[in-house]
Amino acid sequence: MVRLDRTADLSLSRQLLDSLREAILTGRLQPGTRFPSTRVLSSELGISRNIALSVFKQLTSEGYLHGRVGSGTYVREDLPENFLIASRPTRGPGSITHAPRRVASQARAIVDSMSAYTDSIMNSSRPFHGGLPALDAFPYQLWMRLTAQVWRRLRPRDFAYGDSQGYRPLREAISEYLEANRGVRCTADQIIVVSGSQQGLDLAARVLLNPGDAVWVEDPGYIIARAALLNAGARLVPVPVDAEGLRVEIGLARAPRARMALVTPSHQLPLGMIMTLPRRMALLDWSRRVGAWVIEDDYNSEFRYGGPPLPSLQGVDVTQRVIYMGTFSKTLLPALRIGYLVVPPDLIRLFSVARRALDLHRPLVEQAVLAEFISEGHYARHLRRMRLLYEQRQRALVSAISDELKGIIEIAPAGAGMHLIGWLPPGSNDREAAECALQHDCVMRPLSWFSLECRLRPALVLGYAAFSEREIANGVRRLARALHETI
Ligand SMILES: Cc1ncc(COP(=O)(O)O)c(C=O)c1O
(Lines give C-alpha, C1' and ligand atoms only; values in the text may rest on other atoms or scores of the structure.)
Protein backbone atom coordinates (compact mmCIF):
# COMPACT_ATOMS: atom_id res chain seq x y z
CA MET A 1 0.00 0.00 0.00
CA VAL A 2 2.91 2.34 0.67
CA ARG A 3 5.90 2.63 -1.58
CA LEU A 4 8.63 5.08 -0.67
CA ASP A 5 11.07 6.46 -3.22
CA ARG A 6 14.36 7.34 -1.59
CA THR A 7 15.63 9.13 -4.70
CA ALA A 8 12.65 11.52 -4.92
CA ASP A 9 12.85 15.22 -3.96
CA LEU A 10 9.88 14.79 -1.61
CA SER A 11 10.81 13.86 1.99
CA LEU A 12 10.00 10.35 3.24
CA SER A 13 7.54 11.68 5.81
CA ARG A 14 5.73 13.67 3.11
CA GLN A 15 5.55 10.60 0.85
CA LEU A 16 4.22 8.45 3.70
CA LEU A 17 1.69 11.08 4.73
CA ASP A 18 0.40 11.53 1.15
CA SER A 19 0.11 7.82 0.42
CA LEU A 20 -1.69 6.97 3.69
CA ARG A 21 -4.09 9.88 3.21
CA GLU A 22 -4.76 8.77 -0.35
CA ALA A 23 -5.33 5.16 0.77
CA ILE A 24 -7.94 6.39 3.28
CA LEU A 25 -9.66 8.71 0.80
CA THR A 26 -9.87 6.10 -1.94
CA GLY A 27 -11.23 3.50 0.49
CA ARG A 28 -8.24 1.13 0.26
CA LEU A 29 -7.99 1.69 3.99
CA GLN A 30 -11.57 1.31 5.16
CA PRO A 31 -13.05 3.27 8.10
CA GLY A 32 -12.42 1.32 11.28
CA THR A 33 -9.25 -0.39 9.96
CA ARG A 34 -6.64 -0.82 12.61
CA PHE A 35 -3.21 0.59 11.74
CA PRO A 36 -0.03 -1.27 12.51
CA SER A 37 1.93 0.26 15.36
CA THR A 38 4.55 2.90 14.53
CA ARG A 39 7.22 0.42 15.61
CA VAL A 40 6.02 -2.22 13.10
CA LEU A 41 5.45 0.32 10.36
CA SER A 42 8.89 1.89 10.73
CA SER A 43 10.68 -1.45 10.66
CA GLU A 44 8.63 -2.70 7.65
CA LEU A 45 9.29 0.48 5.68
CA GLY A 46 12.85 0.92 6.87
CA ILE A 47 12.25 4.41 8.21
CA SER A 48 12.89 5.97 11.59
CA ARG A 49 10.17 5.62 14.18
CA ASN A 50 10.07 9.41 14.53
CA ILE A 51 8.90 9.74 10.93
CA ALA A 52 6.09 7.24 11.50
CA LEU A 53 5.11 9.02 14.72
CA SER A 54 4.98 12.47 13.09
CA VAL A 55 2.88 11.13 10.18
CA PHE A 56 0.40 9.49 12.58
CA LYS A 57 0.23 12.72 14.54
CA GLN A 58 -0.44 14.74 11.40
CA LEU A 59 -3.17 12.35 10.15
CA THR A 60 -4.77 12.39 13.58
CA SER A 61 -4.80 16.21 13.69
CA GLU A 62 -6.33 16.29 10.19
CA GLY A 63 -9.14 14.05 11.46
CA TYR A 64 -8.31 10.82 9.53
CA LEU A 65 -7.11 8.68 12.45
CA HIS A 66 -7.98 8.25 16.05
CA GLY A 67 -6.46 6.16 18.73
CA ARG A 68 -5.64 5.73 22.32
CA VAL A 69 -2.41 4.65 23.92
CA GLY A 70 -2.45 0.89 24.29
CA SER A 71 -5.54 0.23 22.14
CA GLY A 72 -4.10 1.02 18.70
CA THR A 73 -4.75 3.57 15.94
CA TYR A 74 -7.80 3.34 13.64
CA VAL A 75 -9.13 5.04 10.50
CA ARG A 76 -12.01 7.25 11.62
CA GLU A 77 -15.57 6.34 10.67
CA ASP A 78 -16.45 10.01 10.07
CA LEU A 79 -13.83 11.25 7.63
CA PRO A 80 -13.32 15.04 7.52
CA GLU A 81 -14.18 15.15 3.79
CA ASN A 82 -17.72 14.04 4.63
CA PHE A 83 -18.30 17.18 6.67
CA LEU A 84 -17.67 19.30 3.59
CA ILE A 85 -20.32 17.67 1.43
CA ALA A 86 -23.80 19.12 1.83
CA SER A 87 -26.70 16.97 0.74
CA ARG A 88 -28.31 18.23 -2.45
CA PRO A 89 -31.49 20.18 -1.87
CA THR A 90 -34.44 18.42 -3.45
CA ARG A 91 -36.55 20.73 -5.56
CA GLY A 92 -40.15 20.16 -4.58
CA PRO A 93 -42.96 20.45 -7.12
CA GLY A 94 -44.00 24.05 -7.71
CA SER A 95 -40.88 25.52 -6.20
CA ILE A 96 -40.05 27.35 -9.45
CA THR A 97 -41.96 30.59 -9.71
CA HIS A 98 -42.30 32.76 -12.78
CA ALA A 99 -43.98 35.68 -11.04
CA PRO A 100 -42.07 38.98 -11.27
CA ARG A 101 -40.05 39.49 -8.13
CA ARG A 102 -39.88 42.74 -6.26
CA VAL A 103 -36.50 44.42 -5.98
CA ALA A 104 -35.55 47.93 -4.88
CA SER A 105 -36.51 50.45 -7.55
CA GLN A 106 -33.13 52.16 -7.45
CA ALA A 107 -31.48 48.84 -8.26
CA ARG A 108 -33.10 49.07 -11.70
CA ALA A 109 -31.99 52.72 -12.04
CA ILE A 110 -28.43 51.68 -11.24
CA VAL A 111 -28.46 48.89 -13.80
CA ASP A 112 -29.66 51.42 -16.41
CA SER A 113 -27.04 53.98 -15.44
CA MET A 114 -24.26 51.40 -15.72
CA SER A 115 -25.46 49.66 -18.88
CA ALA A 116 -22.48 50.98 -20.82
CA TYR A 117 -20.10 49.23 -18.46
CA THR A 118 -20.24 45.68 -19.65
CA ASP A 119 -17.73 43.27 -18.12
CA SER A 120 -15.93 43.01 -21.44
CA ILE A 121 -15.12 46.71 -21.25
CA MET A 122 -14.71 47.15 -17.53
CA ASN A 123 -12.42 44.15 -17.00
CA SER A 124 -10.32 44.57 -20.09
CA SER A 125 -6.74 45.78 -20.18
CA ARG A 126 -6.54 46.24 -23.95
CA PRO A 127 -5.69 49.52 -25.66
CA PHE A 128 -7.14 52.15 -25.13
CA HIS A 129 -8.85 51.50 -21.84
CA GLY A 130 -8.95 54.91 -20.19
CA GLY A 131 -9.00 54.07 -16.52
CA LEU A 132 -5.82 52.04 -16.16
CA PRO A 133 -2.33 52.93 -14.94
CA ALA A 134 0.80 51.20 -16.27
CA LEU A 135 0.23 47.67 -14.99
CA ASP A 136 3.49 46.67 -16.69
CA ALA A 137 5.59 49.21 -14.74
CA PHE A 138 4.44 48.45 -11.20
CA PRO A 139 7.31 47.36 -8.91
CA TYR A 140 5.89 43.87 -8.21
CA GLN A 141 9.17 42.45 -6.83
CA LEU A 142 9.47 45.26 -4.32
CA TRP A 143 5.82 44.82 -3.33
CA MET A 144 6.42 41.10 -2.79
CA ARG A 145 9.45 41.87 -0.62
CA LEU A 146 7.50 44.33 1.50
CA THR A 147 4.64 41.85 1.79
CA ALA A 148 7.03 39.18 3.10
CA GLN A 149 8.47 41.69 5.57
CA VAL A 150 4.98 42.60 6.78
CA TRP A 151 3.97 38.94 7.22
CA ARG A 152 7.14 38.37 9.25
CA ARG A 153 6.51 41.38 11.44
CA LEU A 154 2.80 40.92 12.18
CA ARG A 155 1.82 38.91 15.25
CA PRO A 156 -1.28 36.71 15.78
CA ARG A 157 -2.95 39.47 17.81
CA ASP A 158 -2.75 41.80 14.77
CA PHE A 159 -5.16 39.52 12.89
CA ALA A 160 -8.18 40.20 15.06
CA TYR A 161 -10.76 42.70 13.75
CA GLY A 162 -8.95 45.92 12.91
CA ASP A 163 -9.52 49.65 12.97
CA SER A 164 -12.54 50.45 10.78
CA GLN A 165 -11.04 53.83 9.88
CA GLY A 166 -7.97 52.08 8.51
CA TYR A 167 -4.57 50.85 9.67
CA ARG A 168 -3.10 53.73 11.67
CA PRO A 169 0.39 53.82 10.06
CA LEU A 170 -1.27 53.94 6.63
CA ARG A 171 -3.50 56.83 7.69
CA GLU A 172 -0.44 58.66 8.97
CA ALA A 173 1.45 58.07 5.73
CA ILE A 174 -1.54 59.26 3.67
CA SER A 175 -2.09 62.43 5.71
CA GLU A 176 1.61 63.37 5.47
CA TYR A 177 1.56 62.78 1.72
CA LEU A 178 -1.61 64.85 1.25
CA GLU A 179 -0.33 67.78 3.27
CA ALA A 180 2.96 67.90 1.43
CA ASN A 181 1.68 67.24 -2.09
CA ARG A 182 -1.97 68.26 -2.32
CA GLY A 183 -2.28 71.11 0.16
CA VAL A 184 -4.89 69.08 2.05
CA ARG A 185 -5.17 70.14 5.69
CA CYS A 186 -5.76 67.08 7.79
CA THR A 187 -4.53 64.75 10.50
CA ALA A 188 -4.46 60.95 10.38
CA ASP A 189 -7.65 61.00 12.49
CA GLN A 190 -9.56 62.51 9.57
CA ILE A 191 -8.61 59.75 7.11
CA ILE A 192 -11.03 56.92 6.42
CA VAL A 193 -9.47 54.12 4.39
CA VAL A 194 -11.94 52.62 1.92
CA SER A 195 -12.02 50.12 -0.90
CA GLY A 196 -11.32 52.65 -3.68
CA SER A 197 -13.07 55.97 -4.21
CA GLN A 198 -16.19 54.12 -5.28
CA GLN A 199 -16.72 52.88 -1.75
CA GLY A 200 -15.69 56.31 -0.46
CA LEU A 201 -18.47 57.93 -2.41
CA ASP A 202 -20.94 55.26 -1.39
CA LEU A 203 -20.04 55.93 2.23
CA ALA A 204 -20.26 59.71 1.85
CA ALA A 205 -23.68 59.38 0.23
CA ARG A 206 -24.93 57.12 3.05
CA VAL A 207 -23.70 59.53 5.71
CA LEU A 208 -24.64 62.83 4.10
CA LEU A 209 -27.75 62.28 1.94
CA ASN A 210 -31.38 61.49 2.50
CA PRO A 211 -33.43 59.79 -0.23
CA GLY A 212 -34.62 62.39 -2.73
CA ASP A 213 -31.81 64.88 -2.00
CA ALA A 214 -30.55 66.71 -5.06
CA VAL A 215 -26.87 66.29 -5.99
CA TRP A 216 -25.04 68.31 -8.64
CA VAL A 217 -23.04 66.04 -10.92
CA GLU A 218 -20.73 67.14 -13.71
CA ASP A 219 -22.15 66.60 -17.18
CA PRO A 220 -20.28 64.92 -18.80
CA GLY A 221 -18.97 63.08 -15.77
CA TYR A 222 -17.89 59.82 -14.17
CA ILE A 223 -20.61 57.26 -14.77
CA ILE A 224 -19.88 54.74 -12.01
CA ALA A 225 -19.91 57.48 -9.37
CA ARG A 226 -23.48 58.30 -10.32
CA ALA A 227 -24.47 54.74 -9.42
CA ALA A 228 -23.24 55.22 -5.85
CA LEU A 229 -25.38 58.34 -5.55
CA LEU A 230 -28.43 56.59 -6.99
CA ASN A 231 -27.88 53.82 -4.47
CA ALA A 232 -28.44 56.36 -1.70
CA GLY A 233 -31.67 57.49 -3.40
CA ALA A 234 -30.17 60.80 -4.60
CA ARG A 235 -31.75 62.87 -7.39
CA LEU A 236 -29.02 63.65 -9.90
CA VAL A 237 -28.88 67.22 -11.23
CA PRO A 238 -26.63 67.38 -14.31
CA VAL A 239 -24.54 70.55 -14.37
CA PRO A 240 -22.57 71.28 -17.56
CA VAL A 241 -18.84 72.04 -17.60
CA ASP A 242 -16.87 74.46 -19.76
CA ALA A 243 -13.18 75.32 -20.07
CA GLU A 244 -13.19 76.56 -16.46
CA GLY A 245 -14.85 73.48 -14.98
CA LEU A 246 -18.29 73.12 -13.39
CA ARG A 247 -20.71 75.90 -14.39
CA VAL A 248 -21.73 76.84 -10.88
CA GLU A 249 -24.26 79.42 -12.09
CA ILE A 250 -26.21 76.69 -13.91
CA GLY A 251 -26.20 74.51 -10.79
CA LEU A 252 -27.56 77.49 -8.88
CA ALA A 253 -30.33 77.97 -11.42
CA ARG A 254 -31.28 74.27 -11.52
CA ALA A 255 -31.09 73.20 -7.90
CA PRO A 256 -30.01 76.08 -5.66
CA ARG A 257 -30.59 74.07 -2.48
CA ALA A 258 -28.96 70.82 -3.56
CA ARG A 259 -27.36 68.86 -0.68
CA MET A 260 -24.16 67.96 -2.44
CA ALA A 261 -21.93 68.55 -5.46
CA LEU A 262 -19.59 65.90 -6.82
CA VAL A 263 -16.66 67.40 -8.72
CA THR A 264 -13.29 66.44 -10.24
CA PRO A 265 -11.57 69.85 -9.97
CA SER A 266 -7.96 68.82 -10.55
CA HIS A 267 -8.73 66.99 -13.79
CA GLN A 268 -12.30 66.88 -14.98
CA LEU A 269 -13.44 63.44 -16.03
CA PRO A 270 -13.64 63.01 -19.00
CA LEU A 271 -12.73 66.38 -20.56
CA GLY A 272 -9.61 67.05 -18.51
CA MET A 273 -9.89 70.76 -17.70
CA ILE A 274 -8.79 72.13 -14.32
CA MET A 275 -11.41 74.01 -12.35
CA THR A 276 -10.30 77.64 -12.17
CA LEU A 277 -9.90 79.50 -8.89
CA PRO A 278 -12.99 81.76 -9.41
CA ARG A 279 -15.13 78.65 -10.03
CA ARG A 280 -13.69 76.96 -6.96
CA MET A 281 -14.53 80.01 -4.90
CA ALA A 282 -18.06 80.21 -6.32
CA LEU A 283 -18.63 76.53 -5.52
CA LEU A 284 -17.35 76.86 -1.96
CA ASP A 285 -19.35 80.04 -1.47
CA TRP A 286 -22.55 78.25 -2.53
CA SER A 287 -21.83 75.26 -0.29
CA ARG A 288 -21.27 77.56 2.69
CA ARG A 289 -24.44 79.60 2.04
CA VAL A 290 -26.83 76.67 1.68
CA GLY A 291 -25.01 74.14 3.86
CA ALA A 292 -24.27 71.76 0.96
CA TRP A 293 -21.42 69.24 0.86
CA VAL A 294 -18.76 69.20 -1.83
CA ILE A 295 -17.17 65.87 -2.70
CA GLU A 296 -13.78 66.53 -4.24
CA ASP A 297 -12.77 63.52 -6.33
CA ASP A 298 -9.02 64.08 -6.71
CA TYR A 299 -8.59 60.85 -8.69
CA ASN A 300 -5.88 61.95 -11.10
CA SER A 301 -4.08 64.96 -9.69
CA GLU A 302 -0.65 63.32 -9.56
CA PHE A 303 -0.14 63.11 -13.29
CA ARG A 304 0.69 66.61 -14.48
CA TYR A 305 3.32 67.02 -17.15
CA GLY A 306 3.89 70.76 -16.94
CA GLY A 307 4.02 72.66 -13.66
CA PRO A 308 2.69 71.64 -10.27
CA PRO A 309 -0.98 70.81 -9.75
CA LEU A 310 -3.36 73.32 -8.19
CA PRO A 311 -3.78 72.63 -4.49
CA SER A 312 -6.91 70.82 -3.46
CA LEU A 313 -10.30 72.46 -2.91
CA GLN A 314 -10.25 71.01 0.59
CA GLY A 315 -7.14 73.06 1.37
CA VAL A 316 -8.80 76.39 0.57
CA ASP A 317 -12.15 75.55 2.16
CA VAL A 318 -12.36 77.33 5.50
CA THR A 319 -15.84 76.11 6.42
CA GLN A 320 -15.08 72.38 6.39
CA ARG A 321 -17.74 71.47 3.86
CA VAL A 322 -15.43 69.56 1.51
CA ILE A 323 -15.00 65.79 1.70
CA TYR A 324 -11.76 64.96 -0.09
CA MET A 325 -11.59 61.63 -1.89
CA GLY A 326 -8.41 59.96 -3.17
CA THR A 327 -7.48 56.59 -4.63
CA PHE A 328 -4.45 54.39 -5.28
CA SER A 329 -6.23 52.89 -8.30
CA LYS A 330 -4.55 55.31 -10.70
CA THR A 331 -1.24 55.88 -8.94
CA LEU A 332 -0.59 52.18 -8.16
CA LEU A 333 -3.06 49.46 -9.21
CA PRO A 334 -6.88 49.35 -9.43
CA ALA A 335 -6.89 45.78 -8.09
CA LEU A 336 -5.44 46.96 -4.78
CA ARG A 337 -8.85 48.51 -4.06
CA ILE A 338 -7.52 51.08 -1.64
CA GLY A 339 -8.73 54.66 -1.50
CA TYR A 340 -9.45 57.14 1.25
CA LEU A 341 -11.66 59.98 2.38
CA VAL A 342 -10.60 63.02 4.34
CA VAL A 343 -13.56 64.06 6.44
CA PRO A 344 -14.10 67.16 8.61
CA PRO A 345 -13.28 66.54 12.31
CA ASP A 346 -16.91 66.76 13.46
CA LEU A 347 -17.93 63.95 11.05
CA ILE A 348 -15.17 61.47 11.93
CA ARG A 349 -17.32 59.38 14.24
CA LEU A 350 -20.29 59.23 11.88
CA PHE A 351 -18.07 58.19 9.00
CA SER A 352 -16.07 55.62 10.91
CA VAL A 353 -19.15 53.93 12.37
CA ALA A 354 -20.91 53.96 8.98
CA ARG A 355 -17.76 52.51 7.45
CA ARG A 356 -17.76 49.73 10.03
CA ALA A 357 -21.36 48.96 9.11
CA LEU A 358 -20.31 48.54 5.46
CA ASP A 359 -17.65 45.83 5.68
CA LEU A 360 -15.83 46.46 8.98
CA HIS A 361 -12.48 47.36 7.42
CA ARG A 362 -10.04 46.81 4.55
CA PRO A 363 -7.77 43.74 4.77
CA LEU A 364 -4.81 44.37 7.05
CA VAL A 365 -1.85 43.09 5.03
CA GLU A 366 -2.36 45.26 1.96
CA GLN A 367 -2.78 48.33 4.14
CA ALA A 368 0.40 47.55 6.06
CA VAL A 369 2.37 46.96 2.85
CA LEU A 370 1.10 50.21 1.37
CA ALA A 371 2.02 52.12 4.53
CA GLU A 372 5.56 50.79 4.22
CA PHE A 373 5.64 51.53 0.49
CA ILE A 374 4.74 55.18 1.11
CA SER A 375 6.85 55.81 4.19
CA GLU A 376 10.00 54.27 2.68
CA GLY A 377 9.74 56.73 -0.23
CA HIS A 378 8.81 54.16 -2.91
CA TYR A 379 5.48 55.85 -3.63
CA ALA A 380 7.04 59.23 -4.43
CA ARG A 381 9.64 57.50 -6.61
CA HIS A 382 7.00 55.48 -8.45
CA LEU A 383 4.97 58.63 -9.15
CA ARG A 384 8.04 60.39 -10.56
CA ARG A 385 8.73 57.43 -12.86
CA MET A 386 5.11 57.18 -13.97
CA ARG A 387 4.92 60.88 -14.77
CA LEU A 388 7.80 60.54 -17.23
CA LEU A 389 6.46 57.28 -18.66
CA TYR A 390 2.94 58.63 -19.18
CA GLU A 391 4.27 61.74 -20.84
CA GLN A 392 6.14 59.53 -23.35
CA ARG A 393 3.12 57.32 -23.87
CA GLN A 394 0.90 60.33 -24.46
CA ARG A 395 3.38 61.59 -27.09
CA ALA A 396 3.35 58.17 -28.72
CA LEU A 397 -0.45 58.21 -28.94
CA VAL A 398 -0.60 61.70 -30.42
CA SER A 399 2.06 60.90 -32.99
CA ALA A 400 0.52 57.52 -34.00
CA ILE A 401 -2.86 59.15 -34.45
CA SER A 402 -1.47 61.98 -36.56
CA ASP A 403 0.26 59.36 -38.74
CA GLU A 404 -2.64 56.92 -39.13
CA LEU A 405 -5.85 58.84 -38.55
CA LYS A 406 -5.30 62.32 -39.98
CA GLY A 407 -8.64 63.88 -40.89
CA ILE A 408 -10.60 61.31 -38.84
CA ILE A 409 -9.41 61.89 -35.28
CA GLU A 410 -8.39 65.30 -34.01
CA ILE A 411 -6.23 65.03 -30.95
CA ALA A 412 -4.08 67.47 -28.97
CA PRO A 413 -1.55 66.82 -26.22
CA ALA A 414 -2.73 67.58 -22.69
CA GLY A 415 -0.79 68.72 -19.63
CA ALA A 416 -2.31 66.12 -17.32
CA GLY A 417 -4.09 62.81 -16.94
CA MET A 418 -4.00 59.31 -18.36
CA HIS A 419 -6.24 59.69 -21.40
CA LEU A 420 -6.87 62.07 -24.29
CA ILE A 421 -10.02 62.97 -26.11
CA GLY A 422 -9.91 61.97 -29.78
CA TRP A 423 -12.49 64.16 -31.54
CA LEU A 424 -14.36 62.55 -34.43
CA PRO A 425 -15.81 64.43 -37.38
CA PRO A 426 -19.06 66.24 -36.46
CA GLY A 427 -22.08 64.16 -37.41
CA SER A 428 -20.38 60.80 -36.84
CA ASN A 429 -21.57 58.35 -34.20
CA ASP A 430 -19.04 57.77 -31.43
CA ARG A 431 -20.88 54.73 -30.00
CA GLU A 432 -20.81 52.97 -33.34
CA ALA A 433 -17.15 53.91 -33.70
CA ALA A 434 -16.31 52.45 -30.27
CA GLU A 435 -18.27 49.29 -31.04
CA CYS A 436 -16.49 48.81 -34.32
CA ALA A 437 -13.14 49.45 -32.60
CA LEU A 438 -14.01 46.66 -30.15
CA GLN A 439 -14.31 44.26 -33.10
CA HIS A 440 -10.71 45.20 -33.86
CA ASP A 441 -9.57 44.49 -30.31
CA CYS A 442 -9.53 48.12 -29.15
CA VAL A 443 -11.43 49.01 -26.00
CA MET A 444 -12.54 52.58 -25.44
CA ARG A 445 -15.46 54.59 -24.28
CA PRO A 446 -17.33 57.00 -26.53
CA LEU A 447 -17.57 60.47 -25.03
CA SER A 448 -21.36 60.46 -25.35
CA TRP A 449 -21.54 57.73 -22.67
CA PHE A 450 -20.38 60.21 -20.08
CA SER A 451 -23.14 62.72 -20.72
CA LEU A 452 -26.54 62.85 -19.08
CA GLU A 453 -28.07 65.73 -21.02
CA CYS A 454 -25.28 67.67 -22.66
CA ARG A 455 -24.67 67.25 -26.36
CA LEU A 456 -21.02 67.08 -27.23
CA ARG A 457 -19.11 66.67 -30.43
CA PRO A 458 -18.61 62.92 -30.97
CA ALA A 459 -15.30 61.69 -29.58
CA LEU A 460 -13.46 58.70 -28.21
CA VAL A 461 -11.82 58.62 -24.79
CA LEU A 462 -8.39 57.15 -25.44
CA GLY A 463 -6.33 55.90 -22.49
CA TYR A 464 -2.58 55.71 -23.03
CA ALA A 465 -1.02 55.21 -19.57
CA ALA A 466 -1.33 51.42 -19.47
CA PHE A 467 0.17 50.66 -22.87
CA SER A 468 3.70 50.44 -24.21
CA GLU A 469 4.62 52.56 -27.22
CA ARG A 470 4.48 49.42 -29.35
CA GLU A 471 1.02 48.50 -28.11
CA ILE A 472 -0.08 52.06 -28.79
CA ALA A 473 1.28 52.01 -32.35
CA ASN A 474 -0.32 48.60 -33.10
CA GLY A 475 -3.57 49.64 -31.42
CA VAL A 476 -3.79 52.83 -33.46
CA ARG A 477 -3.30 50.79 -36.65
CA ARG A 478 -6.23 48.54 -35.65
CA LEU A 479 -8.29 51.57 -34.68
CA ALA A 480 -7.58 53.12 -38.07
CA ARG A 481 -8.89 49.99 -39.81
CA ALA A 482 -12.02 50.12 -37.63
CA LEU A 483 -12.70 53.80 -38.21
CA HIS A 484 -12.13 53.56 -41.96
CA GLU A 485 -15.01 51.02 -41.93
CA THR A 486 -17.45 53.22 -39.99
CA ILE A 487 -16.60 56.86 -40.71
C1 LIG B 1 -13.39 60.22 -11.85
C2 LIG B 1 -12.88 58.97 -11.22
N3 LIG B 1 -12.80 58.90 -9.89
C4 LIG B 1 -12.33 57.80 -9.28
C5 LIG B 1 -11.91 56.71 -10.01
C6 LIG B 1 -11.29 55.54 -9.29
O7 LIG B 1 -12.17 54.75 -8.70
P8 LIG B 1 -11.70 53.63 -7.65
O9 LIG B 1 -10.82 54.30 -6.64
O10 LIG B 1 -12.97 53.17 -7.05
O11 LIG B 1 -10.98 52.58 -8.41
C12 LIG B 1 -12.02 56.71 -11.38
C13 LIG B 1 -11.63 55.52 -12.15
O14 LIG B 1 -11.82 55.40 -13.33
C15 LIG B 1 -12.49 57.87 -12.01
O16 LIG B 1 -12.57 57.94 -13.34
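Numbering of ligands and ligand atoms starts at 1, following listing order. By convention here, the first residue in the shown sequence is residue 1. Not measured: the values here are computed from a predicted model.
Atom-to-atom distance recorded for Leu246:CG and Asp219:CG is 10.0 Å, nearest 0.5 angstrom.
Pairs passing the salt bridge (Lys or Arg N to Asp or Glu O under 4.0 Å) check and including a residue from residues 413-434, sequence neighbours excluded, do not occur.
Counting only N and O atoms by type, the side chains of Gln394 and Tyr464 include a donor and acceptor under 3.5 Å apart.
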Taking a 3.5 Å cut-off between nitrogen or oxygen atoms, can you list every pair linking ligand 1 to the protein, with distances?
| from | atom 1 | to | atom 2 | distance (Å) |
| --- | --- | --- | --- | --- |
| ligand 1 | 3 (N) | Asp297 | OD1 | 3.4 |
| ligand 1 | 3 (N) | Asp297 | OD2 | 2.6 |
| ligand 1 | 7 (O) | Ser197 | OG | 3.3 |
| ligand 1 | 9 (O) | Ser197 | N | 2.7 |
| ligand 1 | 9 (O) | Ser197 | OG | 2.8 |
| ligand 1 | 9 (O) | Thr327 | OG1 | 2.6 |
| ligand 1 | 9 (O) | Ser329 | OG | 3.3 |
| ligand 1 | 10 (O) | Ser197 | N | 3.2 |
| ligand 1 | 10 (O) | Gln198 | N | 3.0 |
| ligand 1 | 10 (O) | Arg337 | NH2 | 2.9 |
| ligand 1 | 11 (O) | Ser329 | OG | 2.7 |
| ligand 1 | 11 (O) | Arg337 | NH1 | 2.9 |
| ligand 1 | 14 (O) | Lys330 | NZ | 2.7 |

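With sequence neighbours excluded, no residue forms a side chain to side chain donor-acceptor pair (under 3.5 Å) with Arg385.
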Can I get a per-line list of side-chain donor-acceptor pairs under 3.5 Å for residues 475-484, giving both atom names and the distance, sequence neighbours left out?
| from | atom 1 | to | atom 2 | distance (Å) |
| --- | --- | --- | --- | --- |
| Arg477 | NH1 | Asn474 | OD1 | 2.9 |
| Arg478 | NE | His440 | O | 2.9 |
| Arg478 | NH2 | Asp441 | O | 3.2 |

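A donor-acceptor pair under 3.5 Å is absent between the side-chain atoms of Asp158 and the main chain of Leu154, judged by distance alone.
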